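Here, residue 1 is the first one in the sequence, and each next residue gets the next number. Keep in mind the model is a prediction, meaning the values are calculated, not measured.
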Amino acid sequence: MRAREPLVVAFFAVAGGVVAASFIGIGLAEATAAFLGCAVCSLIICCLPSSSPWLRHSVIAASLFFLGTTPVILRPASTKLSLSVPDNTLALFEGCVVEPALIAADRERFTVEFAPGARAQVS
C-alpha cells in the first residue's frame, strides 16, 4: 500500500514537534538525545529486510517529531523592553489609559496602551 501524499506524515510529525516544544519545556540536550536515538533506531530498522513498513514509517516520524522541536528551542527568548526616564524630566507620550490607577502615598501607577498590543506601565 502506497500513500498518495508521502510527505503529509512527515509534515505532521515536524509540526507536532513544533507544537509540543511550544507547550512543553524541553531542553536542547533532551531533544538532541531523543532525535539521535530515534534516528539510529530508524537506520537500524530500515536496514532490516524483514521490518514492516509501518514500523519504519513510525520510527522515522518519531525522529522527525524531535527534529521539529529544535527551531522552538533555538529561537531567542523574548525580552521585555523598558524605557526609563529620569525623575523630574518631561516625557510626552500619546496613548490611552487602559486600567485604573493604583495610588500609593507618593506615587501613582497605571497602564497605558500606545498601539494595539503595545502597553506600558507608568509610575
Out of curiosity, Leu43 CG to Ile45 CD1, how far, rounded to the nearest 0.5 Å? 10.0 Å
Is there a side-chain contact between Ile60 and Cys46 (heavy atoms, below 4.5 Å)? yes
Does a sphere of radius 6.0 Å around CZ in Phe11 hold more than 12 heavy atoms from other residues, nucleotides or ligands, not counting ones at 6.0 Å or beyond? no
Give the minimum heavy-atom separation between Ala20 and Phe65, together with the two atoms involved. CB-CZ, 3.6 Å
Is there a continuous path of hydrophobic side-chain contacts, each under 4.5 Å between heavy atoms, that joins Phe114 to Phe110? yes
I need the minimum non-hydrogen distance between Val18 and Val72, along with the two atoms involved. O-CG2, 3.6 Å
What one should report as the nearest heavy-atom pair of Pro71 and Gly68 is CD-O, 3.2 Å
Measure across Leu64 and Ala10 and return the closest heavy-atom pair with its distance rounded to 0.1 Å. CD1-CB, 3.6 Å
On a heavy-atom basis, which atom in Phe35 and which in Ser63 lie closest, and how many Å separate them? CD1-O, 3.1 Å
With Glu30 via salt bridge (Lys or Arg N to Asp or Glu O under 4.0 Å) - residues at least two apart: none
Between Ser52 and Leu55, is there a side-chain heavy-atom distance shorter than 4.5 Å? yes
The reported gap from CG in Leu102 to CD in Gln121 (rounded to nearest 0.5 angstrom) is 8.5 Å
Looking at residues at least two apart in the chain, or sitting in another chain, which of them share a side chain to side chain contact (heavy atoms under 4.5 Å, CB included) with Leu28? Thr32, Ile73, Leu74
Could you check if a side-chain atom of Val98 sits within less than 4.5 angstrom of a side-chain atom of Arg119, using non-hydrogen atoms only? yes
What closest approach, in Å, do Phe66 and Ala31 show between heavy atoms, and which atom pair accounts for it? CB-O, 4.1 Å
